[in-house]
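Below is one structure, written out as C-alpha cells, with a few remarks after it.
So that the names make sense, note that chain A is the first sequence line, chain B the second, and so on, each numbered from 1.
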Protein chains: 2
Amino acid sequence: MNTRFAVAVHILAFLGTQDGIPASSELIAGSVNTNASLIRRLLSQLTKAGLARSQMGTGGGALLAMDAGKITLLDVYRAVDEQGDVFAIHQDPNPKCMVGRNIQAVLRVRIDEAERALQAELARTTIADIAADIAAKDSISAAN
Amino acid sequence: MNTRFAVAVHILAFLGTQDGIPASSELIAGSVNTNASLIRRLLSQLTKAGLARSQMGTGGGALLAMDAGKITLLDVYRAVDEQGDVFAIHQDPNPKCMVGRNIQAVLRVRIDEAERALQAELARTTIADIAADIAAKDSISAAN
DNA sequence: CCGTTATGTATCCACGATAGTAACATAGAG
DNA sequence: CTCTATGTTACTATCGTGGATACATAACGG
C-alpha cells in the first residue's frame with residue numbers, strides 16, 4: 001500500500017504540463033509536497049523504464065521520454081512497483097496436508113488472473129488522459 | 001503485500017475439505033504452518049463477514065457458514081483486507097499547482113476502475129473451485 | 001576554467017504495519 | 001467440575017515506506 005505509483009503518475013502528469021521545459025526535482029517536489037530526493041529516486045526508476053529522461057546542469061531537469069499518450073498507467077506501475085504483486089502468498093504451508101502442499105500453486109494461478117485484470121485496466125489509461133482529466137477538472141472548479 | 005488474504009483462502013479451503021467436521025485453530029494452524037492465534041484472528045474476521053462459524057467447547061472448531069460454492073474470493077478479500085485498496089494516493093499535494101490540486105480526484109477514478117476489475121476477477125472464483133483445483137493437482141502429483 | 005545548478009545515489013532515521021507469541025476470560029461438552 | 005477450544009488483548013521483532021541529509025558527478029554560463 002505504498003504511494004509510489006500515485007506519486008510517479010503525479011510526476012509524469014506534471015512533466016506532461018511542462019511543454020518540454022525541464023522540471024527540476026525541487027519544482028516537482030513542490031507540487032507533490034514531498035522531498036526532492038524522493039522525487040529523484042522515483043525519476044531514476046522512471047528513467048530506467050524509459051518513461052522519463054533528464055538533463056543535468058543549469059536549466060536542467062526531468063522530461064517525458066516519449067509522448068504522454070504513449071505512456072500507460074501500466075507502464076508506470078511496472079516501473080515503480082518492483083515485484084508487481086498485489087497479493088502475497090504465505091510461505092511454508094504444511095506439505096503433509098493436501099491443502100498445504102497445493103495451496104500455493106493453486107492460489108498463484110488465481111492471483112495472477114486477478115493481477116492481469118488489474119493490469120489490463122491500468123493499460124487503458126495514459127498520462128495524456130490523466131493530464132486531460134486534470135485540466136478539465138481544473139477548469140470546472142475555476143468556473144465556480 | 002500482506003498474506004492475510006492467502007491464509008484466509010487456505011483456511012476456508014481447508015474447512016471445505018473437512019466434510020462438516022469442525023476444525024480447531026490448532027489443526028488449521030498446522031496446515032498453514034503458523035500460529036493458532038493468528039488463525040483465530042482471521043477466523044474472527046471471516047465469521048463477522050458470515051463466511052465461517054465456530055463451535056466452542058470440546059470437539060468444537062470452525063466450519064464454513066455456507067456452501068463452498070457460494071463463497072467467492074472477493075468475499076474473502078473484503079472480509080480480511082479492511083481498507084481494500086491496492087493503491088494508496090499521496091496526501092497533501094500542493095493546491096497552488098494545477099496538477100497538485102486535481103491529481104487526487106483524477107487518480108481516484110482510475111484507481112477505482114482498476115480495483116473494480118481486480119474484484120470482478122476475484123468474484124469469478126469460489127472456495128469450491130479452489131478446493132477442486134487442490135484435489136486435482138494433488139491427484140496428479142500422487143500419480144507421479 | 002571556475003562556480004553554479006541539478007542529478008543520481010547512498011546512508012540514516014522515525015513511523016507504522018505485519019505477523020509471531022503468550023496470556024486469559026468465556027463458553028460448551030462430557 | 002474439568003477439559004477443550006474460542007475470542008480477544010497485549011507485547012514484540014522485523015520490515016517497508018517515506019522523510020532527511022550528504023556528496024560525487026555532470027552540464028551550463030560567465
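Listed nucleotides C:dT5, D:dA22, D:dT6 differ in distance to B:Arg40; the shortest reach to its side chain belongs to D:dT6. Here the side chain of B:Leu38 is nearest to one of C:dG20, D:dC28, D:dA26, namely C:dG20.
Atom CG in A:Leu63 sits roughly 13 Å away from atom C1' in C:dT7 (whole-Å rounding). One interatomic measurement links the two molecules: CG of A:Leu43 to P of C:dT9, which rounds to 11 Å at whole-angstrom precision. One can place CD1 of A:Ile39 at 15 Å from P of C:dA6, the figure rounded to the nearest angstrom. Look at CG on B:Leu42: it is 13 Å from C1' on C:dG20, rounded to the nearest Å. Atom P of nucleotide C:dT18 and atom CD of A:Gln91 are separated by 17 Å, given to the nearest angstrom. With rounding to whole Å, A:Asn2 atom CG is found 12 Å from D:dG19 atom P.
Contact check of residues 44-54 of chain A against DNA chain C (heavy atom, cut-off under 4.0 Å) returns A:Ser44, A:Ser54. The stretch residues 11-36 of chain A comes close to DNA chain D through A:Thr34, A:Asn35, each having a heavy atom under 4.0 Å from the strand.
Ion pairing between a basic and an acidic side chain is recognised when a charged N comes within 4.0 Å of a carboxylate O; B:Asp112 and B:Arg108 show such pairing. One finds no salt bridge joining A:Glu113 and A:Arg116 here, because no Lys/Arg side-chain nitrogen approaches an Asp/Glu carboxylate oxygen to under 4.0 Å.
No donor-acceptor distance shorter than 3.5 angstrom exists from the side chain of B:Thr125 to the backbone of B:Leu122, with no hydrogens or angles considered.
Taking both residues in full, the closest heavy atoms of A:Gly50 and A:Ala65 are given as O-CB, 3.4 Å, listed atom of the first, atom of the second, then distance. Taking each heavy atom of B:Ala29 and B:Asn35 in turn, the nearest pair found is CB-C, 3.9 Å.
Remark: A:Arg4 is in phosphate contact with D:dG18, judged by side-chain N or O atoms under 4.0 Å from OP1 or OP2.
Counting heavy atoms from C-beta on, the side chains of B:Leu51 and B:Met66 come closer than 4.5 Å. Side chains of A:Leu73 and B:Phe87 form no contact here, defined as non-hydrogen atoms less than 4.5 Å apart. Using a 4.5 Å heavy-atom threshold, the side chains of A:Lys137 and A:Asp133 count as separate. Under the 4.5 Å side-chain criterion, counting only non-hydrogen atoms from C-beta, B:Val76 is in contact with B:Ile127. Within the 4.5 Å cutoff, side-chain heavy atoms of B:Ile28 are placed close to those of B:Leu43. Two residues are said to be in side-chain contact when any heavy atoms from C-beta on lie closer than 4.5 Å; B:Val7 and B:Ile39 meet this criterion.
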Which atoms of nucleotides 10-14 of chain C (N or O only) lie under 3.5 Å from a protein N or O atom, and what are those distances?
unit_1: C:dA10; atom_1: N6; unit_2: A:Ser37; atom_2: OG; d: 3.2

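Comparing A:Met56 and B:Met56 by the nucleotide of DNA chain D that holds the closest heavy atom to each, the one mapping nearer the 5' end is B:Met56.
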